[in-house]
Each structure stands twice: as C-alpha cells, then as structure tokens.
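Data first, discussion second: the structure below is written as structure tokens.
Just so we're clear, the structure is a prediction, and the values are computed from it rather than from any experiment.
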Amino acid sequence: MIKISIENPNQVEEEYSNKISSKLIKRITCVKKAIDHLNGLPVNIHVGEIDFIKNATISIIEEIDPNKEIRIGKKYSIQDFNNDVYTTSLNTYIQSNNNLNNAQLTRISNLFNELLVNDSIKLKKLLKCNASQLKNTFNGFKLGLSLPDDLFYIKLAFNYKQHTEIADLVRKFFREKNFIEYCPYCNLDKVKFITDSQGNPAASHDLDHFFDKARFPLLCYSIYNLIPSDTTCNQTNKGSIEFTNDYHLNPYQDGFNKSLVFKSVLSGLDNPRYKVILKANASQTSAKYKKIFGKYSDEENRRYGNVNAFNLKARYGDETAQALFVGKNLDLHDKHYLFSLKKYFTLLSKNKLGDSYKKYYEETLATPYDEDRFQNYKYAKFNKDLHDQYFDLLFGDNKSMKKRLEYIFYKK
C-alpha cells in the first residue's frame, strides 16, 4: 500500500471544508428543527427549509410509527405538511398515541447543536480531522449517545448516498484535486479522474469510506476517511469488510514501507519464471504487522489486514511478467550488462553517482526511485522492492546505497 501525500494539506483541508460545510450545516440544521418540533419545542422555519424539514419529519414518523395510519386512520405524508398546515398537522401527531422517545430526540438535538454552535467549529474540525484521529473523534461525539439506536437519526443529516447534492460536491472536489494517480491500496489500477474533449468523465475512481458509513455516519464526509481507490479494491475485495484502527492501515497515515516487501524467486532455466511472494519485515507482535497482515494466528482471514482485505497475495502473484521485466532490466549479475553500466558511471564523479543512478533506474523501469513519489506510478513499490532485492543479494543489507554503488562502479 502506498501512502497518499497531499501538498499543502492545511490549505486543501480548508478548501474542502469551505466547499461542503454550508450545505451540510443546512442539512443538520433542518434535521435538528424537525427533531425539536417533534419534541414539542418551538421552531422558526426559514425560507428554503420547509422541504428538508418535512422530509426529515416524515422519515422519523415512518421509522418509529410505520403503522400510524392504522392507529389514527390517516398516514402522514409530505402533502400533510405543507407550509400552511405544517404546525397543525405535526401537533396532531405529537398529541396522538405515538412512539416518540423524547429522551432520544433530546440526545440527537444536543449532538447536532454541539456541531453547529460557535460558527460550526466542531463540524469543520470533523471534516478536516486527521486520519489518525478519526476513530477517537467519533468516539468523543458518541459519548452522550445510545448506539446503535441513535444511528438512524444521525444518518438523516449524514447520509452520503441520500444527500446527493453534498456527495456530488465531495466527488467533484476529489476529481479536481486528483491527489493520487494509482490506487493506494494496490498500486495496480489507475484512479486518476480524466475527461474527454467534451468534458465528460473518461476514467474515474471510487471513494472508499475507510470507516464505513453504516457504523460511522459522522465520518462519512471527513476528508481523510475518503480514499480514492479502484473498483476492484473498494467493491470486489473490501466490500462490506468493517475496517478498524487495529487491523487496517489508512493510506493517509502510512504505507507499507519496508514492513512489507515484494520478493521474486526465479524458477526454471530454459523458460525462466518468477514467483512473487510478499514478505513481512515487521515483528508479528507489532501494531504495524497486524494492520498489514492481520492476526498471525488467523492470517488468511479476509477481515483482518490490508493484504487480506485487498487480496494482494493473489493479485501480485499474477504479476510474474512484471517481475521478469524487472529481473531482466536490473540483473547486476550479468557481466556484459554490468560492464556497460560501469563504463558509463565511471565517467561521472562520485558525488554525482547517486543522482545519476536514480535517473538510470527511473528511465529503465519508468517508476520513481524515491518512495514519496510512488503514488502516481503503477508498480512503483513492487519495482523498487525487487531492485533492492538484487542489491541485497550482492552485498547484504548492511551497506548504504552510496557504498554499494561505489563498490560496483569504482572497484578495480
């Protein structure tokens, strides 16, 4: 998995918050007014709010009193709650024998009020919440709630699928920014948003909710809970797997780095074939190991570890052709190949050797040498890991790259 690096993150976070906060504030405000009105409190309805409030009110009544029309002889519909008779109709329902839970309504109203007071500062912080603090932030808000019973009411305001106007703004923002060109979960499929000459989408990405919308609705619009990913990773593989901080890695936080490395094993002489394996370099008791590989005692369980959730063993096990390509292009055991490289590099001064070798590497494999640029190139980590495997075979892993290069190209 590749870490997503965003340039000028503070500026991007502020821009994102400004882009969607006003629409979300209106949605939360209207749902809160519907709840307060059902709770018997006076509510001021402003221009442009009535339809939102009516829809929220009807949704609540249908949820808690699905057979209300049988008990009172009339089902409340949108038509019953027009501007002129809204209050009268609602009071008739409130005074009837209903299933309203006033304590629950008060809890949700208090939550929404907490998000809206002081210029909605807590809501805006929620939208910009750091990836490492997403779960803790959600837990802070849920302290006064009764879950899962209260989730329905929260989703009236935070519903990614239903509130298409807000979701469209979110998708547009990520498409315009194109933070990453290849899926951070697999580094195999392209996720860059592209349009044709008429401006129509030609290629796009999914937005995976790292913490799922069903259990964590308050996080459904948080920028660092939204991962640009390919359909195979998001829908085919992850699907309904519930991600956690303990057993999954958010790519805004970190990548696999050297905790997981790709290795190739050559078999066959006449028709050489490379077998690709994924090797753990992290301790089996470490937090990083659990996030990448899952439970050591249950390491094939799809629910645990990014490697399992995204089927990376199977997907990279099929990349034998790419492994062969890297092997042929970086085979430093080949005397003729090494001689031609040495002839070129010895013309350079030693202080230019590192940069020149990086340039050679990048032109040869068409992927970057440095990890901070991996996110925009397919096979970036895969290629670099196999390259490092060759160097380790030649020198072991106890010498710096500079020393290794000097040994290869300047030894007598």
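Lys288 is linked by a salt bridge (Lys or Arg N to Asp or Glu O under 4.0 Å) to Asp254, counting only residues two or more places apart in sequence or in another chain. Legend: residues meeting ring pair (Phe, Tyr, Trp, His ring centres under 6.0 Å) with Tyr316, ordered by chain and number and at least two apart, are Phe262, Phe382. Partners of Asp189 under the side chain to side chain donor-acceptor pair (under 3.5 Å) rule, at least two apart in sequence or in another chain, are Arg315. Lys124 is linked by a salt bridge (Lys or Arg N to Asp or Glu O under 4.0 Å) to Asp119, counting only residues two or more places apart in sequence or in another chain. When the ring pair (Phe, Tyr, Trp, His ring centres under 6.0 Å) test is applied to Phe374, no partner is found at least two apart in sequence or on another chain. Evaluation of the ring pair (Phe, Tyr, Trp, His ring centres under 6.0 Å) rule for Phe216 yields Phe138, Phe211 as partners, not counting sequence neighbours. When the side chain to side chain donor-acceptor pair (under 3.5 Å) test is applied to Lys275, no partner is found at least two apart in sequence or on another chain. Not counting sequence neighbours, the partners of Asn237 by the side chain to side chain donor-acceptor pair (under 3.5 Å) test are Asn311. Listed by chain and residue number, nothing satisfies the salt bridge (Lys or Arg N to Asp or Glu O under 4.0 Å) test with Lys213 (two or more places apart in sequence, or in another chain). Every side chain to side chain donor-acceptor pair (under 3.5 Å) that Asp370 has, sequence neighbours left out, goes to Lys358. Remark: His248 pairs with Phe243 by the ring pair (Phe, Tyr, Trp, His ring centres under 6.0 Å) rule, at least two apart or across chains. Partners of Asp168 by salt bridge (Lys or Arg N to Asp or Glu O under 4.0 Å), not counting sequence neighbours, listed by chain and number: Arg171.
Within the model, atoms NZ of Lys238 and CD of Gln235 stand 11.5 Å from one another, a figure rounded to the nearest 0.5 Å. Here the straight-line distance linking atom CG of Asp208 with atom CG of Asn250 works out to 9.0 Å at 0.5 Å rounding.
When the options Asn306, Leu278, Leu312, Val307 are evaluated for a side-chain contact (heavy atoms from CB on, under 4.5 Å) with Ile292, the one that passes is Val307.
In this structure, Asp388 contributes its side chain and Leu386 its backbone to no donor-acceptor pair below 3.5 Å. No donor-acceptor distance shorter than 3.5 angstrom exists from the side chain of Asn308 to the backbone of Arg303, with no hydrogens or angles considered. A distance-only check finds no donor-acceptor pair linking the side chain of Ser222 to the backbone of Tyr224 [under 3.5 Å].
By the 6.0 Å and 45° rule, Lys290 stacks over the aromatic ring of Tyr247. Phe112 does not carry Lys32 over the face of its six-membered ring by the limits of under 6.0 Å from the centre and within 45° of the normal.
Considering every non-hydrogen atom in both Pro228 and Tyr252, the closest pair reads CD-OH, 3.6 Å.
Aromatic ring centres of Phe174 and Phe179 lie closer together than 6.0 Å.
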